[in-house]
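In this text the structure is predicted, and so the values were computed from the model without any measurement. Numbering of ligands and ligand atoms starts at 1, following listing order.
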Amino acid sequence: MSDRDETESTDGSAGSDPTDRSDADSTPLVRRVTDWDADRLADLAAEHETPLYVQDLDRVRENCERLRDAFPDADVRYAVKAHTGQAVLRSVREAGLDAECASAGEVDRALAAGFGGERLHYTAVNPPARDLDYVVDVAEAEPDLTVTVGAADTLDRLAERGYDGRVCVRVNPGVGAGHHAKVRTGGAAKFGIPYDRAADAAREAAERFDVVGIHAHAGSGIDPEQLDSHREMVSRMGTLARELAEPDSDAAGNGDAPVPLDLEYVDAGGGFGVPYEENEPPLDLPAVAAATREAVAPLPAGVDLAIEPGRYVVADAGVLLTRVNTVKPTPDERVVGVDAGMTDLLRPAMYDAYHPIRNLGGGRGGDGSDAPPPVDREATPVTVAGPICETGDTLCKDRALADPVRGDLLAVGIAGAYGYEMASQYNSRPRPAEVALDDGTATIARRREALPDLTTAEREAETPTGPTGGER
Ligand code: LLP
């Protein structure tokens, strides 16, 4: 058992572990769910109702700063898919990070947040025609935008649209890592040009486009135990960069070395993990940075390292607040029903992901009187279940929480990355609201959806279809 366990009370409010801070001056390496101000969260939930996401922009800025400090010579590109809120995007831009976008929609949001073309990187994954049309259009006005391409025919599709601008070649490095098989991209055929074909593909691409970089992404949520795989991937990318930018050093003077490519960067992707579990230590970012630099070295002159963290920037800057609706004791388990489910936070249902949960109290006991504060309640193993008609709709199982009662507020921690982003309207549940905290001031960043939002697309449909549809 760690020190954290020994000092933790039943509401999980022990506060930051000293190992969460690298030294007295720096910002904490992680913000645990226990570090949030419980009264403030309770006030926000009372004012804006639940389920409610709270995203702290100050923490987003701190995370950006720690990344820039650890990788001072690298281009740091925020993987927008982790959290696309405008307030977050603006904060990230102001903190000096670029934007890595996976769709036309993300490019559109990044443009709206003020990212210019030179700071926009569009990663085309099996891109729909509509996305390519849009991005090629944007590139006309913003010629410094870069398109990262992981399939030869995507290059053809770009050329067909008259695009001859900046291209980065996405490589499948043959080695993956990540918190779950569903997010290990490195070895998956879907992503990137196979490593042994990548050099030829990049050279062929250079005949039609301005090839400025090579890219690989091992996967998402890489924990300290998987850093060897990440290093192996980075090292392969360093070798490929040398082969492309300094081909004569390989060709041993046989006179027919390929033309060197004028690469600007090697993009080693994102994937920096965050500690979801209470006892998990935070990633030692400076050590990861040193190992990355060592593995990719020596980079050819003029070629920089680039990274694309998403989760690391926003995960611990967000919590999801949810209210206890029902408590059902059964012979097997105690089921605590809450108003947030897999439609608000999909990660537990989709990846069996662990999110820390803290009971902030505020509910009433069976006799209607105020329940004691969580710190005075017994830690009780519970299943926290959402309102969706699926057995998998649980936020945790068999988790010891300060015994929840009806009306209690629960804070689900480390929910700022891939939380709201993966929310849906399944079961016709309107998406939750989100509040952004900026220098302590709270503003509504995304309003709560209401029932009419569920049918907007149907009501606005221009051409009725189906059995009783109108003219075709
Ligand atoms: N770059 C590329 C090309 C990516 O595909 C991704 C994530 C990233 C960067 C950022 O990875 P990060 O630093 O956030 O780990 N929904 C999943 C995560 C899927 C990530 C997909 N790609 C989850 O909730 O864990």
*asked:* Out of all atoms in ligand 1, which are within 4.0 Å of some heavy atom of Gly310? Include the element for each.
replied: 10 (C), 12 (P), 13 (O), 14 (O)

_Donor-acceptor under 3.5 Å (Tyr78 side chain, Lys81 main chain)_ = no

*Can you list the ligand 1 atoms lying under 4.0 Å from a non-hydrogen atom of Pro309?*
13 (O)

*Sub-4.0 Å heavy-atom contact, Arg77 with ligand 1*: no

_Aromatic contact, Tyr276 with His355 (centres under 6.0 Å)_ = yes

*Do Leu360 and Arg358 have side chains that get closer than 4.5 Å, going by heavy atoms?*
yes

*Ala79: numbered ligand 1 atoms lying under 4.0 Å from its heavy atoms*: 8 (C), 9 (C), 10 (C)

*Ring centers of Tyr351, His179 separated by less than 6.0 Å*: yes

*Does any N or O atom in Thr123 lie less than 3.5 angstrom from one in ligand 1, N or O only?*
no

_Gly219, any N or O under 3.5 Å of ligand 1 N or O_ = no

*asked:* As an exercise, identify every atom of ligand 1 less than 4.0 angstrom from a heavy atom of Met422.
replied: 16 (N), 24 (O)

_Enumerated ligand 1 atoms positioned under 4.0 Å from heavy atoms of Arg311_ = 12 (P), 13 (O), 14 (O), 15 (O), 18 (C), 23 (C), 25 (O)

*How does His180 reach ligand 1, by side chain, by backbone, by both or by neither, if only non-hydrogen atoms under 4.0 Å count?*
neither

*At under 4.0 Å between heavy atoms, which part of Tyr351 makes contact with ligand 1: side chain, backbone, both or neither?*
side chain

_Out of all atoms in ligand 1, which are within 4.0 Å of some heavy atom of Ser220? Include the element for each._
11 (O), 12 (P), 14 (O), 15 (O), 18 (C), 20 (C)

*Indicate whether the side chain of Glu106 and that of Tyr122 have a donor and an acceptor atom separated by less than 3.5 Å.*
no

*Which atoms from ligand 1 have a heavy atom of Gly271 less than 4.0 Å away?*
11 (O), 12 (P), 13 (O), 15 (O)

*Apply salt bridge (Lys or Arg N to Asp or Glu O under 4.0 Å) to Glu434 and Arg446, showing your working.*
CA-CA 5 Å; Glu434 184 178 61; Arg446 312 201 224 215; 3.1 Å; yes

*What do you reckon, does Tyr312 have a nitrogen or oxygen under 3.5 Å from a nitrogen or oxygen of ligand 1?*
no

_Cation-pi, Phe115 ring and Arg109 (6.0 angstrom, 45 degrees)_ = no

*asked:* What I want to know is whether Arg347 and ligand 1 share at least one N or O pair that is separated by under 3.5 angstrom.
replied: yes

_Heavy-atom distances under 4.0 Å decide this one: backbone, side chain, both or neither, for Glu308 against ligand 1?_
both

*Considering only heavy atoms, does Glu100 approach ligand 1 within less than 4.0 Å through its side chain, its backbone, both, or neither?*
side chain

*Subset of ligand 1 atoms that lie under 4.0 Å from at least one heavy atom of Gly270*: 9 (C), 13 (O)

_Tell me every residue that passes side-chain hydrogen bond (donor to acceptor under 3.5 Å, both in side chains) with Ser220, counting only those two or more places apart in sequence or in another chain._
Arg311

*Where is the tightest heavy-atom contact between Asp316 and Trp36, given as atom of each residue plus distance?*
O-CZ2, 3.8 Å

